[in-house]
Amino acid sequence: MSDLFQNHAAKTGPVECLGQSFPSDEARREHYLKLLAEKLKDPVFRKIEGFPIGSDEHILALSDPPYYTACPNPFIEDFVRQYSKPYNASVSYSKEPFTADVSEGKNDPIYNAHGYHTKVPHKAIMRYILHYTQPGDLVFDGFCGTGMTGVAAQLCGDQAVVQALGYKIEGNGDVLQEEQDNGKTTWQKFSRVGARRALLSDLSPAATFISHNYNAPKDREVFDKRAKAAIADLESRFGWMYQTLHQPSQSELNAASQEIQSSSKPDLSKVAKVGRANYVVWSDVFNCPECAGEIVFWDSAVDVDNGKVRDSFPCPHCNSIQTKRSLDHTLSKLHDPALGKTIEQAKTVPVRINYSVGSKRFEKKPDVVDLALCYHIDRSEILSPYPSDRLFEGGETRRNDPIGITHVHHFYTKRNLTVFSFAFDKLPPELKWAVSGSLQRGSRQHQIAITRVGGEKAGEGGATAGHRRGTLYVPSNQIEMNAIGLISDRIAAFRKAILPSGLARSIISTQSTTDLLMPDNSVDYFFFDPPFGSNISYSELNSLMESWLGVLTNRKPEAIEDRHQKKSVNEYRELMIRCFNEAYRVLKPGRWMTVEFSNTQASIWNAIQTGLQEAGFVVANVSVLDKKRGGLNAIVGVTAVKQDLVISAYKPNGGLEDRFSRAGGNEDSVWDFVRTHLNYLPTVKFKDGELEFITERDPRIIFDRMVAWFVRHNFPVPMSTQEFRGGLTQRFVERDGMVFLPEQAAQYDKKRLQVALAPQMEMFVFDERSAIDWLSDFLKRRPSSYQEVHPEFITQLGAGWKKHESKPELAALLEDNFIQYDGTGDVPSQIHSYLSTNHKDLRSLDKSNPALVAKAKDRWYVPDPNKAQDLEKRREKALLKEFDQYRVFGGRRLKEFRLEALRAGFRAAWGNKDYQTIIDIAKKVPDDTLQEDEKLLTLYDLALTRTEVGA
């Protein structure tokens with residue numbers, strides 16, 4: 001047993017690390033720990049953004065350099081130098097975005113080994129890595145969480161795992177995926193089996209600690225030996241704390257009570273038959289406002305037989321009807337040895353014990369021996385160190401202050417705190433992970449969900465338990481899980497998560513993604529699952545585990561919305577832009593980044609989109625990632641989805657940037673960008689056997705991407721929307737409302753022949769611009785009179801209309817953007833085509849035929865590009881005139897306005913380098929309007945940047 005608790009790696013033979021040879025893994029770790037210790041003394045090193053809060057001693061104790069450091073990893077550049085293939089523009093790389101909707105569940109031993117607030121299944125990430133990379137490529141995840149990207153990168157080298165994803169593998173290691181060609185199934189090569197090297201980073205020491213243990217190699221034989229010995233030792237030392245008598249007689253109760261009084265470590269099995277407690281239910285105690293009597297919440301409010309908690313219940317002393325909201329906690333005074341003072345906490349009492357005798361489970365109310373044992377434990381001393389930090393200021397960290405849970409150790413009962421403190425102090429690193437994985441379930445946050453708990457015999461009832469995700473909530477009915485059992489279960493789970501030997505190791509850093517320690521153009525692929533607004537306060541939720549680790553998150557660069565940190569969506573967006581800027585710098589030109597998105601707010605969606613564009617990335621596709629969680633109802637813009645979204649964005653190759661710089665942002669630059677962009681877009685997308693409309697190939701979206709590209713490079717857009725549409729028609733091929741390169745169109749046509757229906761684009765009307773788009777689409781298909789289009793248009797103006805956006809009159813929209821045939825001259829070709837197709841009596845008639853003219857008169861239609869340009873100029877002039885009214889508006893906020901006028905005014909001000917006007921008008925617009933409009937937000941952000949640069 002003497003060697004069991006030595007915190008060093010298993011004895012090994014010679015190892016290679018970053019080009020150096022070491023006689024053993026211990027020697028490798030010792031060598032790099034010395035280098036890291038010296039680095040920690042450098043004040044410049046400690047100024048790296050996101051440097052965690054912790055002593056050198058704790059940082060070194062957690063770290064396993066060069067592969068993992070609980071601080072910014074100073075060995076990343078050596079890692080990149082060793083394994084990165086330098087960027088070479090002459091080496092061909094061409095990938096369309098990964099467009100398949102991915103569905104991977106959580107029922108996987110690796111996924112379930114250690115809990116965390118959010119996690120993308122590693123098998124889902126494997127599909128992206130296999131698509132975008134080849135063996136030996138560098139993959140980076142700057143918000144790594146539990147390190148699933150590292151696991152995925154390594155397992156791309158495991159043939160069995162790759163085959164389990166549904167791929168075929170040739171004898172030479174080529175990976176084939178199934179495709180449909182003219183109704184036949186074919187297998188096409190797209191990748192090779194082989195591990196990729198992963199670089200993982202996170203601001204949270206808890207996250208990187210979990211990531212390291214997921215990704216570090218382990219010797220199964222040594223792991224099993226240490227695990228068995230560790231659990232045996234814990235049972236030997238602390239098993240007595242979880243004893244309970246099984247169906248005792250009065251004499252056995254008396255004898256057991258005497259044993260507790262006479263021994264510091266009582267053994268109740270000497271006097272009676274005992275069981276092992278699986279969990280104990282503790283209940284809050286309240287004061288009755290009528291009689292001041294104590295009300296045990298479980299006894300009065302819980303309806304065990306029907307499996308529910310009553311909204312109202314009688315006081316057991318005076319029968320007055322009470323609700324939980326009407327009651328105050330009973331407070332108990334107790335001495336806190338960690339704080340060295342007497343504190344007040346909400347009183348709790350044990351009310352139920354679930355225990356096992358052999359393989360059978362039983363339940364009982366606590367008897368006098370159970371209560372005596374709890375009292376005995378509470379009076380005993382904890383000999384191992386444990387964290388007693390005051391929880392910092394925050395919405396979650398301070399929510400339990402009213403009930404006296406103010407410090408980290410208050411989240412644990414005395415016996416669980418005793419076990420966890422010893423285990424964390426003495427267990428070797430690979431088993432210490434099991435303790436961190438047990439801290440949540442072993443805390444007082446764990447609540448019981450009543451499910452007909454009644455029944456003293458095994459099988460007659462049960463209870464489920466859990467905690468409120470994303471909170472530090474301590475419930476009124478708490479479950480105290482057996483800490484030894486939890487650690488034992490985690491060890492068994494971790495054993496199943498040990499990766500195969502011989503795979504490529506990851507390197508892990510604890511820092512902010514705003515300041516990466518990597519050279520330019522060094523990474524082959526990025527997978528990001530960043531925080532999304534105020535969804536989760538990671539630093540608060542991780543504070544318990546990090547207190548045990550001794551190293552805390554540096555919250556300053558934490559990219560979240562949080563009123564306690566005084567971070568609005570603006571601060572969140574600025575931090576995300578800085579992260580994307582670093583990603584853009586480090587990613588090789590022409591390569592891809594995948595951003596997993598999960599948020600219900602349009603403002604957060606726009607923060608991510610604008611952040612990507614301002615950094616220089618170009619969005620090429622948005623698909624679905626279904627983690628099979630259920631219960632999520634995300635609304636992005638006006639599209640409701642139940643799954644997370646995956647954004648595929650690319651860093652344009654260096655050739656485009658060079659050509660753009662030389663050309664100076666002229667019209668040729670427009671078509672150069674479009675041609676390059678179309679090459680990055682998916683050619684076909686299938687869903688349930690049907691072709692999907694590829695939104696990114698919509699001419700309007702392509703125009704928006706081009707505008708964002710020009711704005712980002714500080715060049716005025718050299719053409720109008722209609723000029724752009726006309727140029728698209730001349731230079732590229734249009735199919736089913738989508739734009740293709742000629743060679744892409746041929747491929748699309750081949751796939752189009754295999755399906756019965758053409759893909760349809762969904763149109764949503766939520767502002768003036770989308771109303772114009774809807775009308776354009778409608779009138780192209782069906783030139784109509786005002787009377788015909790009006791009822792159709794009205795049905796589109798539903799609840800999705802943007803707040804503060806003035807609703808335009810249909811007549812004004814038609815007048816400003818379309819042309820009405822007045823009956824003079826030949827019938828326009830668009831109307832003629834529609835009428836001759838849909839009316840048999842009008843077929844084959846000349847365009848000047850009176851019958852055709854009469855039928856066509858007063859119909860609105862979409863003008864050809866030349867005439868449309870004149871309309872657009874006239875409309876732009878009217879919009880700018882309205883924008884001038886906003887400029888001179890003397891009130892504090894505009895209550896109603898036209899988004900199109902704001903967009904036109906912002907564009908004009910940007911073109912004139914009048915950045916202050918953009919900033920001034922933005923102050924008059926409600927925050928939601930600005931945050932939820934990608935075009936306004938981009939120009940506003942860049943205007944702020946330009947004024948700051950010029951200040």
Side-chain angles (χ1 to χ4, degrees), residues 602 605-606 609 619 622 636-639 674 692-708 717 719-729 734-739 758-784 786 788-802 805-820 830 834 859-865 867-869 871-876 878-879 898-904 907 929 932-936 938:
W605 172 255
N606 280 326
Q609 290 257 64
V619 175
V622 180
V636 181
V638 293
T639 307
V674 172
E692 278 195 279
F693 184 89
I694 302 171
T695 305
E696 289 295 330
R697 289 190 178 275
D698 185 318
R700 290 162 293 197
I701 302 298
I702 296 171
F703 179 77
D704 288 344
R705 300 294 180 220
M706 181 273 295
V707 169
V717 179
M719 62 181 64
S720 67
T721 306
Q722 296 301 333
E723 288 171 327
F724 179 80
R725 291 295 297 269
L728 278 182
T729 303
E734 189 166 331
R735 292 285 189 274
D736 299 324
M738 298 176 285
V739 179
Q760 297 295 316
M761 176 179 61
E762 291 187 75
M763 297 287 290
F764 299 95
V765 176
F766 50 88
D767 63 5
E768 183 177 343
R769 179 70 260 169
S770 58
I772 294 169
D773 290 342
W774 183 90
L775 283 169
S776 179
D777 183 71
F778 181 89
L779 295 175
K780 272 184 184 177
R781 293 181 287 104
R782 181 181 160 190
S784 305
Y786 177 89
E788 291 171 331
V789 74
H790 183 265
E792 300 281 353
F793 179 73
I794 289 299
T795 62
Q796 301 298 316
L797 303 181
W801 191 262
K802 285 186 175 180
E805 166 81 329
S806 58
K807 286 187 179 180
E809 292 293 335
L810 174 60
L813 288 177
L814 292 171
E815 184 68 32
D816 291 344
N817 300 279
F818 304 96
I819 296 178
Q820 186 180 38
Q830 193 181 133
Y834 168 73
R859 290 182 183 268
W860 292 91
Y861 66 98
V862 179
D864 64 49
K867 291 182 180 178
Q869 288 177 38
L871 283 174
E872 186 175 11
K873 289 176 182 176
R874 188 177 71 189
R875 181 171 177 272
E876 188 84 359
L879 290 171
R898 292 173 68 185
L899 276 175
E900 283 297 283
L902 287 174
R903 291 167 182 162
R907 285 195 303 268
T929 298
E932 295 177 8
D933 190 275
E934 180 185 332
K935 298 177 180 67
L936 295 179
T938 298

Engineer: Which is it for E809 and R898 under the salt bridge (Lys or Arg N to Asp or Glu O under 4.0 Å) test, yes or no, and what are the steps along the way?
Structural biologist: CA-CA 12 Å; E809 292 293 335; R898 292 173 68 185; over 6 Å; no

Engineer: Give a yes or no on whether the backbone of L813 and the side-chain of N817 come within a donor-acceptor separation of less than 3.5 Å.
Structural biologist: yes

Engineer: Should V674 and V739 be marked as a side chain to side chain contact (heavy atoms under 4.5 Å, CB included) after you check the CA-CA gap, both sets of side-chain angles, and the distance that decides it?
Structural biologist: CA-CA 10 Å; V674 172; V739 179; 5.6 Å; no

Engineer: What is the distance from atom CD of Q722 to atom CG of L871, rounded to the nearest 0.5 Å?
Structural biologist: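 Going from the CD atom of Q722 to the CG atom of L871 covers 8.0 Å.
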
Engineer: What is the distance from atom CD of E815 to atom OH of Y786, rounded to the nearest 0.5 Å?
Structural biologist: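 E815 atom CD to Y786 atom OH measures 12.0 Å (nearest 0.5 Å).
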
Engineer: Going by an N to O cut-off under 4.0 Å, is there a salt bridge joining D773 and R769?
Structural biologist: yes

Engineer: Sequence neighbours excluded, which residues qualify as side chain to side chain contact (heavy atoms under 4.5 Å, CB included) partners of E723?
Structural biologist: M719, S720, Q869

Engineer: Apply side chain to side chain contact (heavy atoms under 4.5 Å, CB included) to residues T729 and R725 and explain how you reach the verdict.
Structural biologist: CA-CA 6 Å; T729 303; R725 291 295 297 269; 5.6 Å; no

Engineer: Check whether any side-chain N or O of E805 sits under 3.5 Å from a backbone N or O of E768 as a donor-acceptor pair, and report yes or no.
Structural biologist: yes

Engineer: Find the distance between OG (S776) and CZ (R781) and round it off to the nearest 0.5 Å.
Structural biologist: 10.0 Å

Engineer: Return yes if some donor-acceptor pair links the side-chain N/O of E872 with the main-chain N/O of T721 below 3.5 Å, else return no.
Structural biologist: yes

Engineer: Can you tell me how far CG of L814 sits from CD of Q820, rounded to the nearest 0.5 angstrom?
Structural biologist: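 One gets 8.0 Å once the value is rounded to the nearest 0.5 Å.
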
Engineer: Please determine whether side chain to side chain contact (heavy atoms under 4.5 Å, CB included) holds for the pair I701 and V619, giving the CA-CA distance in whole Å, both sets of side-chain angles, and the decisive distance to 0.1 Å.
Structural biologist: CA-CA 10 Å; I701 302 298; V619 175; over 6 Å; no

Engineer: Are L810 and I794 close enough, and set up right, to give a side chain to side chain contact (heavy atoms under 4.5 Å, CB included), and what steps lead you there?
Structural biologist: CA-CA 9 Å; L810 174 60; I794 289 299; over 6 Å; no

Engineer: Can you sort out the partners of D816 under side chain to side chain contact (heavy atoms under 4.5 Å, CB included), two or more places apart, ordered by chain and number?
Structural biologist: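 Expected list: R875.
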
Engineer: Is any NZ, NE, NH1 or NH2 atom of the basic residue among R907 and E900 found under 4.0 Å from an Asp or Glu carboxylate oxygen of the other?
Structural biologist: no

Engineer: Does either side chain, that of D767 or that of S770, offer a donor lying less than 3.5 Å from an acceptor on the other one?
Structural biologist: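 There is such a pair (donor and acceptor under 3.5 Å, judged by atom type) between the side chains of D767 and S770.
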
Engineer: How long is the gap from CZ on F693 to CG on D698, to the nearest 0.5 Å?
Structural biologist: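 Those atoms lie 4.5 Å apart.
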
Engineer: If every non-hydrogen atom of P699 is compared with every non-hydrogen atom of F724, which pair is closest and at what distance?
Structural biologist: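 The pair with the smallest heavy-atom distance is O-CE2, 3.8 Å.
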
Engineer: Report the distance from atom CZ of R859 to atom CZ of F818, rounding to the nearest 0.5 Å.
Structural biologist: 16.0 Å

